[in-house]
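Comments concern the structure below.
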Protein chains: 2
Amino acid sequence: MKDKATSFDIAHMAGVSQSTVSRALSNSPLVNKETRERVQRIAREMNYKVDKNASNLRKQRSSTIALLLFEDPSPDDSLINPFFMSMLGSITRACASMNYDLLVSFQNMNGDWHAEYEDTNKADGLILLGYGDYLDYRDKLTQLQEQGTHFVRWGAHDAEYPGISIGCDNYQGGQLVTQHLIDQGAKTFAFIGTAGQRAPEFMARFQGHIDTLASAGLLPDTAVQYNAVSTEDAGFDATQKILDSGQRPDAIVCASDLIAVGAIKCLKKHGLGVPNDILVGGYDNIPISAFTTPTLTTVQQNTKKAGELLVSNLLRLINNEKVTDYLMPAELIVRQSSQK
Amino acid sequence: MKDKATSFDIAHMAGVSQSTVSRALSNSPLVNKETRERVQRIAREMNYKVDKNASNLRKQRSSTIALLLFEDPSPDDSLINPFFMSMLGSITRACASMNYDLLVSFQNMNGDWHAEYEDTNKADGLILLGYGDYLDYRDKLTQLQEQGTHFVRWGAHDAEYPGISIGCDNYQGGQLVTQHLIDQGAKTFAFIGTAGQRAPEFMARFQGHIDTLASAGLLPDTAVQYNAVSTEDAGFDATQKILDSGQRPDAIVCASDLIAVGAIKCLKKHGLGVPNDILVGGYDNIPISAFTTPTLTTVQQNTKKAGELLVSNLLRLINNEKVTDYLMPAELIVRQSSQK
DNA sequence: CTGAAAGCGCTTACAG
DNA sequence: CTGAAAGCGCTTACAG
């Protein structure tokens, strides 16, 4: 491998000093227009590129962001939550448009975080992405905060947790899908999804759900809730429990699409038709939800805007500008599973 | 923001020289065990982390890999090919296990590549991921090669194209699905997917398809082929053309699952049942394929192994070790769409 | 507008 | 085993 050219080589070829080369290549207005263009031309011809390690070291900023993706406990290979994949795409594009590079790192929720990108000056800040257990989460967020790390996280606004959050209104999403099912004539309900302190997103969806029921005068004897993590199997099992208990709710609200997929499968197995016998609603609008039989009514979060907001707010934070939490509205996607 | 500690600060606190700190933190055997442990403890207590810009600049290597993802022409937001998302997950994990960081960048296939990660010393090498038009591709690969950039690409082995490739045997995949459909009794076939020089993956699948037909004595009058890019709409339209032409093949082989989804939709619209009237096979095993009605028989590529191979071979390349192209076997996933 | 010089924070020959 | 010194390739005050 041949040695790479340095700014001194370009300076030599252009007959100017190395300082002038550096200025010319950063489009400094200090440098004469002709000189600048000549230097830039020579640099292009030599395929010279500024060394980022040297440049970052000197400038003390990296123009790089690190994305920490927290996975669900399922440690097996590929199947990452499609929702986060969509976010990843959006974040990548948003970074590119701001001339930032993006480091991606999968993290183990429970183990130690590998979050030292800013400490090592490899990144100027972090984006945290993943649903999770806030009780574990919290100490680590506090630690990041104390170290002066710049970060934003996707998720629910919560005054108790440090850092800036960008999220989608899970409470409103729970309202939307529940009101829609009420409008479709449902009077008795079941909610599937762990609704507890350790699952704030699901909790908010559940809260929106029961509050809407209450407003419609359907509480409390009609509302049952069954725990489930966001997997097809958990949705299946929870539905099995509902049926075992002898209940036949008019509608089942699921805290995620994967849960809904499992629920529908279980209902089918017991000869119950969706939507004819029972209405079902999901959450996330994952690609699969448009292909299930029946297709799934669900709540969509705007991942494109979410990615842009995460990046732009992190950059504001890095530049010491004022930043506040942001809550995006949810959107109901009506499909077959909720309409007789 | 408080100033970060440097190795000099640690040296001062430990009562040793800065050189010794550096050695201790890199676990150099040159340094006395007790000194090393003391230095490491102090560094931990001070939350000191080695500055990567300085370290990389000095070492002239970054322990970082850049992943360039080439997108299909569809410039709209989110929906990235799920297959590549799965690869991304696998590559990320493989990098982490080798103590490499991963930069992710989406590229526009047709525009200029933003591929200067190695030129700027931000990365030690590149992974190229994306299906695409090899005629455009080729010049850029040649350019990378000439610049001495280290890279591996996902895709078909092709002696005409520069660089190391890791791929899955598309020819064999085409054989597998076709032979399976023949075994199910199909005698007349249609293939949907652009089979040309500009789409080498689809081309190889088609070649495996027709060669298998030939071996079974079913060529040539029974084989028709219709162009389609890898989208649901293109699959729908191509199927429409088949039906318009009056043909009713026993089986349709689709070059991708998305094409197959569109094909099934079109067949349904015309009152043709799958698998009862026509058998359908896909390619990729995207998550959706397990949820369509009927579920889709398809060909799976081992993304976990693929990601590991891409990373490990790139690292070999970076270390100037010998590297050769690698072709992984394909695997048939039999579901409902191919079995009466 | 330009150049000479300092210095970002490390790693690693070199000398002991 | 340890330390003093050089130097990785830049950017940016400083001086002119």
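Every chain is numbered from 1, with letters handed out A, B, ... down the list of sequences.
In this structure, CG of B:Asn32 is placed 15 Å from C1' of D:dG3, rounded to the nearest angstrom. Taking atom NZ of B:Lys59 as the reference point, atom P of C:dA13 lies 13 Å away to the nearest angstrom. To the nearest angstrom, P of C:dG9 lies 7 Å from CG of A:Leu57. One atom, CD of A:Gln60, and another, P of D:dC10, lie 17 Å apart when rounded to the nearest Å. Going from atom CG of A:Leu30 over to atom P of D:dC14 covers 14 Å, rounded to whole Å.
If you find the closest nucleotide of DNA chain D to B:Lys33 and to B:Asn121, the one lying nearer the 5' end belongs to B:Lys33.
Using a 4.5 Å heavy-atom cutoff, the side chains of B:Ile166 and B:Leu327 are not in contact.
In this structure a side-chain-to-backbone donor-acceptor pair under 3.5 Å is present from A:Arg316 to A:Lys322.
Judged by distance alone, the side chains of B:Asn27 and B:Gln40 do bring a donor and an acceptor atom under 3.5 Å apart. No hydrogens or angles considered: a donor-acceptor pair under 3.5 Å links the side chains of B:Lys305 and B:Tyr326.
For the atom pair OH (A:Tyr100) and CG (A:Leu315), the distance works out to 5.0 Å, reported to the nearest 0.5 Å. Distance check, rounded to the nearest 0.5 Å: OG1 of B:Thr64 to CG of B:Leu102 gives 9.0 Å. Within the model, atoms OH of A:Tyr48 and CG of A:Asp9 stand 9.0 Å from one another, a figure rounded to the nearest 0.5 Å. One finds the CG atom of B:Asp101 at 4.0 Å from the NZ atom of A:Lys122 (value rounded to the nearest 0.5 Å). The distance from atom CG of B:Asn302 to atom CE of B:Met328, rounded to the nearest 0.5 Å, is 5.0 Å.
A heavy-atom distance below 4.0 Å to DNA chain D is reached by these residues of residues 8-27 of chain B, ordered by number: B:Val16, B:Ser17, B:Ser19, B:Thr20, B:Arg23. Of the residues in residues 34-56 of chain B, those with a non-hydrogen atom less than 4.0 angstrom from any atom of DNA chain D are B:Thr35.
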Next on the checklist: Quick one, B:Lys304 with B:Glu308, criterion salt bridge (charged side-chain N to carboxylate O under 4.0 Å, His left out). Give me CA distance, side-chain angles, the key distance, then yes/no.
Outcome noted: CA-CA 6 Å; B:Lys304 182 156 189 284; B:Glu308 289 165 0; 3.5 Å; yes

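Of the candidates D:dT2, D:dC10, C:dG9, D:dC10 carries the atom nearest the A:Thr6 side chain, counting heavy atoms from C-beta on.
Look at the P atom in both C:dA5 and C:dC1: the space between them is 24 Å, to the nearest Å.
Secondary structure note: stems in DNA chain C built from 3 or more consecutive Watson-Crick or G-U wobble pairs under 3.5 Å occupy C:1-3 with D:14-16, C:5-12 with D:5-12, C:14-16 with D:1-3.
The pair A:Arg41-A:Glu37 fails the salt-bridge criterion, with no side-chain N (NZ, NE, NH1 or NH2) lying under 4.0 Å from an Asp/Glu carboxylate O.
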